[in-house]
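Report on the following structure.
In this text, all values refer to a predicted model and were calculated from it rather than measured experimentally.
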Amino acid sequence: MTTQNTTSPDVKQPNQLVYINNIKILLTILVILHHTFIAYSTSDGWYYTEPTTIFGVLIPVKMFISVNQSFFMGFFFMLAAYFTDSSFTKKGTFKFITDRLIRLGIPLVFYSLVISPFTSYLVYYFAKGHHITFLQYLSGYDTWIDVGVMWFVLALLVFTFIFVIAKTVFKISFENTLPVPTSRNILLFALILGLVSFAARIVFPIGWVLKPFGFQLGHFPQYIAFFIIGLLASKNNWFQQLSEKTRKRLTLSSWLCLAFFLVFFVIRLTVKMPVEWYSGGFHWQQLLYAIWEQWIGLSILTVLLIKGRTKWNKSTPLLAKLSRYSFATYIFHPVVIVVFTLAVRNWPVDPALKLLVVSPLLVVGSFVFAGLLVAIPGVKKII
């Protein structure tokens with residue numbers, strides 16, 4: 001998802017913010033890998049899965065999925081919010097809302113009505129062996145409102161409209177000359193956010209989805225908080241002021257949290273508890289996991305921001321193209337993943353090896369496919 005397409009399409013970034021586009025390329029790659037890892041793990045919630053049974057592989061796979069989930073979608077919300085206020089100020093209320101509905105609403109509807117049914121059809125035809133036409137499949141299709149991965153776009157639209165109401169009705173400016181957060185402030189906020197997430201997941205455990213919107217409300221305390229932080233960061237210039245000292249401290253914090261992940265396996269084996277206790281309910285294990293998730297997520301996110309500003313603030317023709325294709329890649333990558341994983345479904349090796357082989361192919365294939373689509377006249381005006 002590029003800055004130009006998911007946040008502020010007509011707002012040009014100053015050179016010192018080029019790194020944000022590069023971070024979005026990285027996050028888009030992580031989205032592709034995240035869903036690929038889910039496809040070959042015991043996790044649920046994907047079109048086609050082929051889980052590996054090798055326990056030694058499941059540990060790093062689960063670790064990647066959990067660590068990724070701790071920050072990558074929240075990061076997208078933060079970066080989207082970072083350019084929202086400037087776009088609103090430049091365009092005005094009517095043009096801003098119209099632009100959001102076109103650039104976010106049209107892809108959302110197209111995915112729900114076309115891409116998601118087609119992707120499900122591929123699984124139905126090839127994996128389940130029901131050899132019928134797509135039209136025959138649609139005649140019995142009863143899930144017309146299936147936003148799939150576009151839940152993010154729907155949530156972003158909701159957040160954006162709430163922002164517009166806050167600006168126009170309540171005259172909130174989000175500009176309070178707040179000081180840049182220190183590492184201590186960030187980790188304290190992670191602790192508080194972990195407690196709020198714990199409370200939310202007592203009622204809405206991870207994996208519980210608000211249909212038909214696709215919202216996992218157990219993650220939404222972070223998404224809402226990060227969107228607000230993005231607005232505040234833009235108005236108070238936080239990204240440019242985060243210090244190298246903060247980066248070093250939170251780098252150490254990230255590594256310690258990563259090592260701590262193995263403790264979750266030890267607790268589960270020792271206590272002989274259901275793994276669902278980490279996802280929700282009034283359990284001390286859920287509290288521990290919720291705090292860990294926000295702690296490592298904010299640590300990694302902050303490190304990437306500082307590292308990006310100081311080391312990745314350059315563009316090349318390739319990076320510019322990848323940035324331009326990021327939103328289209330996000331929209332269409334499920335089709336690419338399902339096509340690839342179905343193509344190798346009969347390969348007589350453990351799914352762990354398939355994961356290793358197809359992951360880089362899926363990243364490249366998703367961006368290439370997106371690039372071809374963006375080149376189509378009319379499509380590139382929307383995505």
Side-chain angles (χ1 to χ4, degrees), residues 1-11 21 24-25 27-32 34-35 45-47 72-73 75-77 79-81 83-84 87-88 91 95-122 138 141 143-164 209-216 223 227 321-339 362-363 365-383:
M1 286 166 283
T2 63
T3 299
Q4 289 83 352
N5 285 303
T6 60
T7 55
S8 176
D10 302 320
V11 176
N21 276 341
K24 287 191 175 184
I25 295 171
L27 293 178
T28 304
I29 293 172
L30 289 179
V31 168
I32 299 169
H34 186 82
H35 291 139
W46 191 244
Y47 295 95
F72 76 143
M73 295 311 299
F75 209 162
F76 270 131
F77 281 112
L79 295 181
F83 296 97
T84 295
S87 178
F88 176 82
K91 297 177 181 178
K95 186 177 179 182
F96 176 79
I97 292 177
T98 302
D99 179 79
R100 295 299 84 201
L101 288 175
I102 292 173
R103 294 180 179 270
L104 298 179
I106 292 177
L108 173 63
V109 173
F110 183 76
Y111 187 96
S112 180
L113 298 183
V114 179
I115 300 177
S116 194
F118 178 72
T119 306
S120 298
Y121 168 71
L122 292 176
L138 290 180
Y141 191 72
T143 315
W144 284 108
I145 305 178
D146 183 8
V147 298
V149 300
M150 295 295 279
W151 68 265
F152 165 77
V153 172
L154 178 58
L156 187 56
L157 276 172
V158 173
F159 292 175
T160 300
F161 287 131
I162 293 174
F163 161 81
V164 171
V209 178
L210 178 64
K211 296 181 178 180
F213 308 107
F215 296 162
Q216 288 199 42
Y223 301 155
F227 188 83
K321 287 184 177 181
L322 293 179
S323 175
R324 176 65 186 88
Y325 302 156
S326 290
F327 187 35
T329 300
Y330 181 89
I331 297 171
F332 289 95
H333 80 274
V335 179
V336 178
I337 291 177
V338 169
V339 167
L362 288 171
V363 171
S366 295
F367 275 98
V368 170
F369 185 56
L372 295 174
L373 292 173
V374 170
I376 299 174
V379 173
K380 61 183 178 182
K381 292 182 179 180
I382 299 174
I383 59 175

*Taking the side chain from Ser87 and the backbone from Phe83, do they hold a donor-acceptor pair closer than 3.5 Å?*
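Absent.
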
*Indicate yes or no for a side-chain donor-acceptor contact from Thr160 to the backbone of Leu156 under 3.5 Å, with no hydrogens or angles considered.*
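At least one qualifying donor-acceptor pair exists.
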
Side-chain touch [X]/[Y], heavy atoms, less than 4.5 angstrom:
X: Phe76; Y: Tyr223; value: no
X: Pro212; Y: Asp146; value: no
X: Thr28; Y: Phe327; value: no
X: Phe213; Y: Val147; value: no
X: Val31; Y: Met73; value: yes
X: Tyr325; Y: Ile25; value: no
X: Ile331; Y: Met150; value: yes

Can you tell me how far apart [atom1] ([X]) and [atom2] ([Y]) are? Round to the nearest 0.5 Å.
X: Leu27; Y: Leu79; atom1: CG; atom2: CG; value: 6.5 Å
X: Ile29; Y: Leu362; atom1: CD1; atom2: CG; value: 12.5 Å
X: Ile383; Y: Tyr330; atom1: CD1; atom2: OH; value: 13.5 Å
X: Trp151; Y: Phe215; atom1: CH2; atom2: CZ; value: 8.0 Å
X: Lys24; Y: Thr329; atom1: NZ; atom2: OG1; value: 13.5 Å
X: Phe367; Y: Leu322; atom1: CZ; atom2: CG; value: 5.5 Å

Indicate the atoms forming the closest heavy-atom contact of [X] with [Y], along with that distance.
X: Ser366; Y: Ile32; answer: CB-CD1, 3.6 Å
X: Pro117; Y: Ser112; answer: CD-O, 3.3 Å
X: Val374; Y: Lys380; answer: O-CB, 2.9 Å

_Contacts of type ring-ring contact (aromatic ring centres under 6.0 Å, His included), residue His35, not counting sequence neighbours_ =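 Expected list: Trp46, His333.
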
*State which residues pass ring-ring contact (aromatic ring centres under 6.0 Å, His included) with Tyr111; sequence neighbours excluded, sorted by chain then number.*
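So Tyr111 forms no ring-ring contact (aromatic ring centres under 6.0 Å, His included) with any residue.
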
I'd like to check the side-chain contact (heavy atoms from CB on, under 4.5 Å) partners of [X]; sequence neighbours left out, ordered by chain and number.
X: Leu157; result: Arg100, Leu104, Leu108, Phe161
X: Val109; result: Leu113
X: Ser120; result: Tyr47, Tyr137, Tyr141
X: Phe88; result: Thr93, Phe96, Phe163, Val164, Lys167, Thr168

